[in-house]
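Every number for a ligand or one of its atoms is a count from 1 in the order of the listing. When a residue number appears, it is its place in the shown sequence, counting from 1.
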Amino acid sequence: MNLYEYQAKRLFAQYGVPIPNGDVATTPAEARAVAEKLGGRVVVKSQVHMGGRGKAGGVKLANNPDEAEFHANNILGLDIKGHITRTVLVDEVAPGGIAQEIYLAILIDRAARKVMIMTSAEGGMDIEQVAAETPEKIFKIWIDPQVGLKPFHGTYLANGLNLDKTLWGQFWHILSGLYNCFIGSDASLAEVNPLVITGEGKLMALDGKVTIDDSALGRQPKLAEQNDESIVPASELKAQEVGINFIQLDGNIGCMVNGAGLAMTTMDIIKLFGGEPANFLDIGGGATAEKVATALELILSDPKVKAVLINIFGGITRGDVVAQGIITALGKIQTDVPMILRLAGTNAKEGLESKPSRPRIVGKLVIDNS
Ligand code: GDP
Ligand code: MN
């Protein structure tokens, strides 16, 4: 789950990371009101789950409330790489201007099985270019989760950033705050770009990006409730409701599989033979007929799906129950989509012998029992 910039920055602030004063608005009039309250110059920023907003025209400076309203009017509704802006953040501009933009991110390096901290003195909107062309300008350190972040890590990074010594105290405060935020929120990413040095010599987070591990949302209720469900595909919400692991993908072969490992293997095989899976779907162990039926409905609700591959290896999951689920679903849905069924393991024989009530539809099932 991703947080919006304003949510990420408010979270940072709870951990002592300085952020500008500001508030969100969903109409130009609201944006004007926020700008009036802040007094002086503000920046109006599109709130979408997508980077590169600055370059896409989603970040604009305003000298007064009139301009803030004008920019909000343009930015609300703005499409940033397929993400429509519904909310803007109106922040006061960095006090005294921006002297330097720093990049600072904490993420998980899965290969190293450690937390990685990345930073660069050349942060800002061109960080990808810095990473590609001058990777030596990006400093990385790895933190052993058993040991945690220690002051020497801060010293090493502050030195690498060539930060003026007068800023080292502030930098450590922000680095340790961000690290505590990362650990305390079960995040897989906490990024600040830019972390600026203001004209007044203060470090401040002007942007924020946080990704929370979905598997941790159960113990992060305060973060979970910030999820913007309006942007989660309806099919995924429905799947969550009934306890199916379902992720919409871009291909055209729908998959229904029991077990995450078999589901991933099935997707790999589809790709190996030149196909593209339309989804990841794990119906889980011991799925009921209703669950199977819902799963199939979810798959078929995607118009991109041109075929369905059902791959069931029954252990706790019973073949006859899966068959009942398929028959139930096909009783409700009219579809021409061909389906390939592989049913093996517990009660596979009974499943394959299940008598459909509507043979008209089941005639399209190709039963592969090899
Ligand atoms: P992104 O492009 O989606 O990463 O959006 P950012 O929040 O990073 O904004 C893009 C750029 O706008 C930053 O790199 C800054 O140069 C500039 N910017 C953002 N906030 C402020 C601000 O408060 N004051 C000023 N002067 N510039 C800002
Ligand atoms: Mn940014």
Any N or O of K45 closer than 3.5 Å to N or O of ligand 1: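 Checking ligand 1 against K45, an N or O pair does fall under 3.5 Å apart.
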Atom indices of ligand 1 within 4.0 angstrom of P194 heavy atoms, with elements: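 Matching atoms, with element in brackets: 8 (O), 13 (C), 14 (O).
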Proximal atoms of ligand 1 relative to M125 (non-hydrogen, under 4.0 Å):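 Reading through ligand 1 atom by atom, the close ones are 10 (C), 11 (C), 14 (O).
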[atom]: nearest protein contact (heavy atom, Å):
atom                    : result
atom 12 (O) of ligand 1 : V59 CG1, 3.7 Å
atom 21 (C) of ligand 1 : L206 CD1, 3.4 Å
atom 3 (O) of ligand 1  : R53 NE, 2.7 Å
atom 2 (O) of ligand 1  : G54 N, 2.8 Å

Pair Q220, D186: side-chain N/O donor-acceptor within cut-off below 3.5 Å: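 Side-chain D/A pair, Q220 to D186: present.
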NZ/NE/NH1/NH2 to OD/OE distance under 4.0 Å, [X] and [Y]:
X    : Y    : answer
K332 : E297 : yes
D144 : R113 : no
E5   : K209 : no

4.0 Å protein heavy-atom contact status of atom 10 (C) of ligand 1, strictly under: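 There is a protein heavy atom less than 4.0 Å from atom 10 (C) of ligand 1.
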Flag, side chain of S185 to backbone of F182, donor-acceptor distance under 3.5 Å: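 Between the backbone of F182 and the side chain of S185 there is no qualifying donor-acceptor contact (under 3.5 Å).
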Expected output: side-chain E67 to main-chain N63 donor-acceptor under 3.5 Å: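 Pair found, side chain donor or acceptor close to backbone of N63.
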Min heavy-atom dist N193 to ligand 1 below 4.0 Å: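 In this structure, N193 qualifies as a contact of ligand 1 - some heavy atom is under 4.0 Å.
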Heavy-atom gap G52 to ligand 1 smaller than 4.0 Å: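 Checking ligand 1 against G52, which is what was asked, there is a heavy-atom contact under 4.0 Å.
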Plane angle bin for F139 and Y156 - parallel if under 30°, tilted between 30 and 60°, otherwise perpendicular: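 It falls in the perpendicular class, over 60°.
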2.8 Å cut-off met by an N, O or S atom of M125 to the Mn ion (ligand 2):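 Within the cut-off used here (under 2.8 Å), M125 places no N, O or S atom near the Mn ion (ligand 2).
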Heavy-atom nearest option to atom 25 (C) of ligand 1, drawn from D207, I98, V192, V196: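 Considering heavy atoms of D207, I98, V192, V196, the nearest to atom 25 (C) of ligand 1 sits in I98.
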Option passing salt bridge (charged side-chain N to carboxylate O under 4.0 Å, His left out) with K9 (candidates D91, D23, D207):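 Only match with K9 under salt bridge (charged side-chain N to carboxylate O under 4.0 Å, His left out): D91.
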Minimum-distance N/O/S atom that D207 presents toward the Mn ion (ligand 2):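 Per the distance ranking, D207 contributes OD2 as its closest N/O/S atom to the Mn ion (ligand 2).
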